[in-house]
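These figures come from a predicted structure and were not determined experimentally. The sequence lines fix the lettering, A, B, ..., with proteins before strands; numbering per chain opens at 1.
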Amino acid sequence: MAVDPKLQSDLQKQGVFVMPVEFLYNWSRKSSIWPVQFGLACCAIEMIAAAAARHDIARFGAEVFRASPRQADLMIVSGTVTKKMAPQVVRLYNQMPEPKYVIAMGACAISGGPFKDGYNVLKGVDRYIPVDIYIPGCPPRPEALLHALMTLQEKISKQHLNEARWYKKETPAEFPVPQYGAHDLEPPANPKVWEPPKK
Amino acid sequence: MIPTVEQVREMLATKAASLTVEREQLLAVANFLKTEPQLQFDFCSCVTAVDYIKQDCIEVVYHLYSVALKHGPLALKVRAPRALEQCRVPSLTPVWRGCEFQEREAFDLFGVKFDGHPDLRRILMWDEFVDHPMRKDYVPPMDYEWEPTPHGETLARAKAQGGVVPASVLEAKK
């Protein structure tokens, strides 16, 4: 697969670009990661700041916040996921087309953060949906979100077409949406996505 | 018993003005406070509840201000027994329209039923939820399978559930 770098460089000087299809495919995917336009709490304000003029997420091709999950590649879970909101977050994720990625932004989205012991706060969005990048912080600065985006770009550029998760049959196309129960969400976590670490 | 204007004025002069009334008198007192020309409590800024578990009662607190006469706050308090069936208080939504959502919140979190409320539903928790989480005897669901930095009650619950707690935390407690 690999092209001799010297030959590649020589050809490039002649105006001929040689590269694997995979590289072009991944390059075009990573250069236009469109996030879903939704925010959950104060982290969303930092996300908006990252999209505004000073930090300008457009430099990474991710400025097109889509108002529909069907047009989006990336879900930025920006803020506290309350138990009341969790089914809607999972449903939004289910509605996104593959390939799709998730960034858990801030302490609350990672673990519940300062509200962990609250009666209505989910202890981390990774209990229901697979998370690709975690950003710590309360809230993380816009630079941290940009770093997460760059990390995600790196991750995408390393993916192989023949090993892609979304082409595999065993990968579920949909994740079960939790139901509102009498005391808690049912189930409290999706065992296929999350289980407590071993002792 | 409905207080006189002078009594309310005296209360307002103190630091934390409060007026505790019986449930039966609440509506009459509220109407008096709102309509009396010398008091004119035209604004109810806050409705909340306090769970006095040892005294077996729940106290509903209304904070009243007068925008017209620029005085307040006056805390209007009323007590009801803790038992869910008897935990009823007359709604003040007909008097101050702004009480509607806050009374729904007190109902949701404390289980106080407001008689005469136009639309008494849960406002924060989902409709299928049965508990009232701000009550002191509320038991949260057991989801302490993984506690990276537990202490106090959380640590005890994690141990009771057999949850994973880092060894460093357990050693530090010794």
For chain A, which residues of residues 79-101 of chain B have heavy atoms nearer than 4.5 angstrom
none
With respect to chain A, which residue among Val165(B), Val139(B), Val164(B) yields the maximal number of heavy-atom pairs within a distance under 4.5 Å?
Val164(B)
Are Leu12(B) and Leu69(B) joined in one hydrophobic group, where the rule is that I, L, V, M, F, W and Y side chains link up if heavy atoms are under 4.5 Å apart?
no
Met85(A), Val177(A): one ILVMFWY side-chain cluster at the under-4.5 Å cut-off?
yes
Count the heavy atoms of every other residue, nucleotide or ligand shown that sit under 6.0 Å from CE of Met11(B), and state whether that count exceeds 12.
yes
Cluster check Val5(B), Val21(B): I/L/V/M/F/W/Y, side chain < 4.5 angstrom
yes
Looking only at heavy atoms and a cut-off of under 4.5 Å, which of Arg127(A), Gln179(A), Glu195(A) has the most pairs with chain B?
Arg127(A)
Where does Pro148(B) contact chain A at under 4.5 Å (heavy atoms): side chain, backbone, both or neither?
side chain
Do Val89(A) and Leu185(A) belong to the same hydrophobic cluster, where Ile, Leu, Val, Met, Phe, Trp and Tyr are linked whenever their side-chain heavy atoms lie under 4.5 Å apart, directly or via other members?
yes
For chain B, which candidate among Gly118(A), Pro196(A), Gly181(A) shows the most heavy-atom pairs at distances under 4.5 Å?
Gly181(A)
Chain A contact residues among residues 109-128 of chain B, heavy-atom distance under 4.5 Å
Leu109(B), Ile123(B), Leu124(B), Met125(B), Trp126(B), Glu128(B)
Would a hydrophobic clustering, with Ile, Leu, Val, Met, Phe, Trp and Tyr connected at side-chain separations under 4.5 Å, put Val102(A) with Val90(A)?
yes
Answer yes or no: is there an ion pair linking Glu145(B) with Lys123(A), defined by an N-O contact shorter than 4.0 Å?
no
Between Pro188(A) and chain B, which part of the residue has a heavy atom less than 4.5 Å away: side chain, backbone, both or neither?
neither
Considering only NZ, NE, NH1 and NH2 on the basic side and carboxylate oxygens on the acidic side, decide whether Asp117(A) and Arg157(B) come within less than 4.0 Å.
no
Under a 4.5 Å heavy-atom cut-off, does chain A meet the side chain of Tyr144(B), its backbone, both or neither?
both
Considering only residues two or more places apart or on different chains, which pairs with a residue in residues 36-69 of chain A satisfy ring pair (Phe, Tyr, Trp, His ring centres under 6.0 Å)?
none
Residues of residues 30-59 of chain B with any heavy atom under 4.5 Å of a heavy atom in chain A
none
Engaged part of Lys83(A) at the chain B interface, taking heavy atoms whose separation is under 4.5 Å
both
Roughly how far, to the nearest 0.5 Å, is the CG atom of Asp143(B) from the NZ atom of Lys116(A)?
8.0 Å
Are more than 12 heavy atoms, taken from residues, nucleotides or ligands other than Met150(A), located less than 6.0 Å from that residue's CE atom?
no
